[in-house]
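Okay, structure first, notes after.
As a basis for the values below, the full set of heavy atoms in this structure was taken, side chains included, without hydrogen atoms, waters or symmetry mates. Chain A is the first sequence line, chain B the second, and so forth, proteins listed ahead of strands; every chain is numbered from 1. It should be emphasised that the depicted structure is a prediction, and the values quoted were computed from it without experimental measurement.
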2 protein chains.
Amino acid sequence: MTRKEQVRKKAIELMKFHGFSGLTMRLLAKELGIEAASIYNHIKSKDEILETVCFDLAKEFELAVLEVNDIYFNATEKLQMLVTAHVRILCADLDASTVFMHEWRYLPEASRVSFIEKRRNYEHEIRTIIQLGIDEGDFDEIDTKYAVITLLSALNAVVEWYNPHGPLQPDEVADRLYNFIGKALMKNLEFRV
Amino acid sequence: MTRKEQVRKKAIELMKFHGFSGLTMRLLAKELGIEAASIYNHIKSKDEILETVCFDLAKEFELAVLEVNDIYFNATEKLQMLVTAHVRILCADLDASTVFMHEWRYLPEASRVSFIEKRRNYEHEIRTIIQLGIDEGDFDEIDTKYAVITLLSALNAVVEWYNPHGPLQPDEVADRLYNFIGKALMKNLEFRV
DNA sequence: TGCATACTAACAAGCGTTAGTTAGTTGATT
DNA sequence: AATCAACTAACTAACGCTTGTTAGTATGCA
């Protein structure tokens, strides 16, 4: 791990606890055992750290939904695979995922706008999947707009409780969540995995 | 509405958009059409605003679950009534609820500890209800620890999408969410409201 | 008279960041 | 093997700005 990566990792770890504004460069420096000014040998600015976290993860979600839509054709399959991909991404770096969820509001104006746009797109893709499920007759006829936010919130809550050192693997978490969310969405009451 | 209430209301409204740290007393003052120093004629400190929001709402949730447990005896009823009460509280003041969800991390150390404890209690009460549902044979046998967080996250997402000027009344939102969550939890596949 | 509400001026602390410098290491050239 | 340039990673010192907040004062209404 390069020094730059070490700095970023520690920054994200601290940001998770203190929030973006609560993490000062002097605190970060102290935790790294160096002076605040030295941090700038490795990163361009405090904002840059947050931007990297947010857009790296956004990119992963973007690619995931693209792939799912490419490979699978019916809504139940799409949903199951997307839940799995989503949870895998979240669990791959829990600190980063937590910061992604909570701190994007503190992105600089321009980045924030583009971030919100990306999130809107992701939500739209999922909404389309749900609508497909309704059209295919598999899902209950619900309001897709609030369904997608409810669904995503349930998924994203993973970052609040998942313990990488616990017994569950990310894919097992995904299975349970798909079970939970699937039952909630499905019309077909014989639904079982 | 007293001047004090006006100040608090505007503060919460701005906090929702800018976050706790992003809301400066000078910005708040500007929005109120006064000088920053004048704010201190009405409130004690910036922290105090956040503390009031967080603990007022925490108290409401606390009382709601107490009442539900007093009045209803089986898990499905308890769950339905708690969902309704929870959503009502959220929708009663969306700005405050949003701040409550996102900004509690910025509470001063002592308050934050006691806030987390209160939240832990609330989660524990809901967990007990879910466990009751499992014991009664109505709910699927799931891990109650992650179920309660998943469930609460789905509920709390209301603050992200609910539009008070839209067609849905809070109780209608609660109905739909209970439907969604109920189906996810229930073993009984004939479940319908 | 007293209370509510506002003001100006200022303070101390903390913020992110820059400039300029100094060691230590690496890798190629002499 | 010795030399030199380039790079990495740290330092001290400081700048300019913003922060929450206080002190002291003025104005207008009950």
Is any side-chain N or O of R26(A) under 3.5 Å from a base N or O of dG16(C), one able to act as donor and the other as acceptor? yes

With nearest nucleotides of DNA chain C determined for T24(A) and A37(A) from heavy-atom distances, which residue corresponds to the more 5′ nucleotide? T24(A)

Applying the side chain to side chain contact (heavy atoms under 4.5 Å, CB included) criterion to L185(B), which one of D140(B), D138(B), L151(B) satisfies it? L151(B)

Any salt bridge linking E13(B) with K10(B)? Criterion: basic side-chain nitrogen under 4.0 Å from a carboxylate oxygen. yes

Only one of Y162(B), W161(B), F180(B) passes ring-ring contact (aromatic ring centres under 6.0 Å, His included) with Y146(A), and that residue is W161(B)

Using a distance-only test with no angle check, is there a side-chain donor-acceptor pair under 3.5 angstrom linking N121(A) and E125(A)? no

Is I39(A) touching bases, backbone alone, or none of the nucleic acid, heavy atoms closer than 4.0 Å? nothing

Counting only heavy atoms not in E141(B), do more than 12 sit closer than 6.0 Å to its CD atom? no

So, are R112(A) and E109(A) salt-bridged, with charged N and O less than 4.0 Å apart? yes

For atom NE2 of H42(A) and atom C1' of dT17(C), their distance in whole Å: 15 Å

Chain A on DNA chain D: first and last contacting nucleotide, 5' to 3', under 4.0 Å to a heavy atom? dA9(D) to dA14(D)

Determine whether a donor-acceptor pair (one donor, one acceptor, N or O, separation below 3.5 Å) exists between the side chain of N41(B) and the base of dA6(C). yes

Mind checking if S38(A) touches a base, just sugar-phosphate, or nothing, with heavy atoms under 4.0 Å? base

Would you mind reading off the distance between I43(A) atom CD1 and dG16(C) atom P, rounded to a whole angstrom? 10 Å

Donor-acceptor pair, side chain of E5(A) and main chain of T2(A), under 3.5 angstrom: yes

With side chains defined as the heavy atoms from C-beta onward, is the minimum distance between M25(A) and I43(A) less than 4.5 Å? yes

By a strict heavy-atom criterion of less than 4.0 Å, which residues belonging to residues 4-13 of chain B are in contact with DNA chain C? none

K46(A) has its side chain closest, among dA6(C), dT17(C), dT8(C), to dT17(C)

Do the non-hydrogen side-chain atoms of F20(A) and I49(A) ever get within less than 4.5 Å of each other? no

Show your working on side-chain hydrogen bond (donor to acceptor under 3.5 Å, both in side chains) between E136(A) and N74(A) and close with a plain yes or no. CA-CA 8 Å; E136(A) 287 173 343; N74(A) 64 71; 6.0 Å; no

Checking ring-ring contact (aromatic ring centres under 6.0 Å, His included) between F115(B) and each of Y122(B), F61(B), F100(B), which is the one that passes? F100(B)

Between P on dG14(C) and CG on L27(A), what's the gap in Å once rounded to a whole number? 13 Å

To the nearest 10 degrees, what angle separates the axes at the start and end of the helix from dT1(C)-dA30(D) to dT30(C)-dA1(D), five pairs each? 0°

Rounded to the nearest angstrom, tell me the gap between atom CG in L28(A) and atom C1' in dT17(C). 14 Å

Between C1' of dG16(C) and CE of M25(A), the distance in whole Å: 7 Å

Please determine whether a side-chain nitrogen of the Lys or Arg among R120(A) and E117(A) lies less than 4.0 Å from a carboxylate oxygen of the Asp or Glu. yes

From CD1 of I34(B) across to C1' of dT5(C) the rounded distance in Å is 8 Å

